[in-house]
Amino acid sequence: MKKTRIGVLVSGRGSNLQAIIDNIEKGSLSAELAVVISDQADAYALERARKHHIPGVHVSAKGYKGRRDEYDALLVQVLQKHHVELVVLAGFMRIITPTLLKAFPRRVINIHPALLPSFPGLHVQKAALEHGVKFSGCTVHFVDEGMDTGPIIIQAVVPVLDNDTEDTLSARILTQEHKIYSRAIQFFAEGRLQVEGRTVRVRDGADKSGDFLTNP
Ligand code: GRF
């Protein structure tokens, strides 16, 4: 079967990218990494791509201040050149515009380190600790025009412990991110995601994603 071609957008260390690479190499995720794109020249994620012989492209945002849609048009060009079918945002620190969303309708997904709709935006682990929540986690969702507002595909829950710091909570959440992102991509690749309004249903299928199952 033809593998879904994914394009991963990054800005930094790329640990989620690495988890996707590892799962593809292990054979537990059936997708092909077509390209990794970074808005930062020195993103370690680009280095990870190179090490695994995946095309890595730096698309500089210099000169595009206040012209986000023009920058996104550049991203669309690179993604289309590499025949990308699913756009995976993995720590990409820019707001996506309709220019990208229209080119990839219901084909852009993101991972967020909180249980949406709680704590959208940035510095969310700190915000969760300050709020005193007892559980946090992570969310994979389709991207829409809002900030972290699109239909939710999968979430994983982690406890917040009394002695947690931003770092310890972030690390516990990240471990789950690395599992559920590949799982969501596998569902997409198997054509099993059905969006009805805000609700995403996962159609039955031969579930090859058990490796990523975190919250039974
Ligand atoms: C992750 O916590 C992800 O949820 C958020 O940005 C971080 C990226 O980490 N969107 P990494 O670059 O994948 O290590």
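Each ligand, and each atom within it, is numbered from 1 in the order the structure gives.
- At the top of the distance list for atom 10 (N) of ligand 1, counting protein heavy atoms only, stands Ile111 O, 3.0 Å.
- Atom NZ of Lys62 is surrounded by 12 or fewer heavy atoms from other residues, nucleotides or ligands within 6.0 Å.
- From the protein, the heavy atom lying nearest to atom 9 (O) of ligand 1 is Arg13 NH2, 3.3 Å.
- Remark: Arg192 is not positioned above the aromatic ring of Phe187, lacking an NZ or CZ atom under 6.0 angstrom from the ring centre and at most 45 degrees off the axis.
- Where the criterion is an N or O separation shorter than 3.5 Å, residue side chain and backbone included, Gly12 fails it with respect to ligand 1.
- Under the 30°/60° scheme for interplanar angles, the aromatic rings of Phe92 and Tyr71 are found to lie parallel.
- Of the protein's non-hydrogen atoms, the one nearest atom 6 (O) of ligand 1 is Gly91 CA, 3.5 Å.
- Scanning both residues, Lys51 and Tyr44, for their nearest heavy atoms gives NZ-OH, 3.1 Å.
- In terms of protein heavy-atom proximity, atom 4 (O) of ligand 1 is nearest to Glu177 OE1, 2.7 Å.
- Using a cutoff of 4.0 Å between basic side-chain nitrogens and carboxylate oxygens, Glu85 and Arg5 are not scored as salt-bridged.
- Counting non-hydrogen atoms of neighbouring residues, nucleotides and ligands closer than 6.0 angstrom, the NE2 atom of His131 reaches no more than 12 such neighbours.
- The shortest N/O to N/O separation between Gln125 and ligand 1 does not fall below 3.5 Å.
- Ranking the protein heavy atoms by distance from atom 12 (O) of ligand 1 puts Gly14 N, 2.9 Å first.
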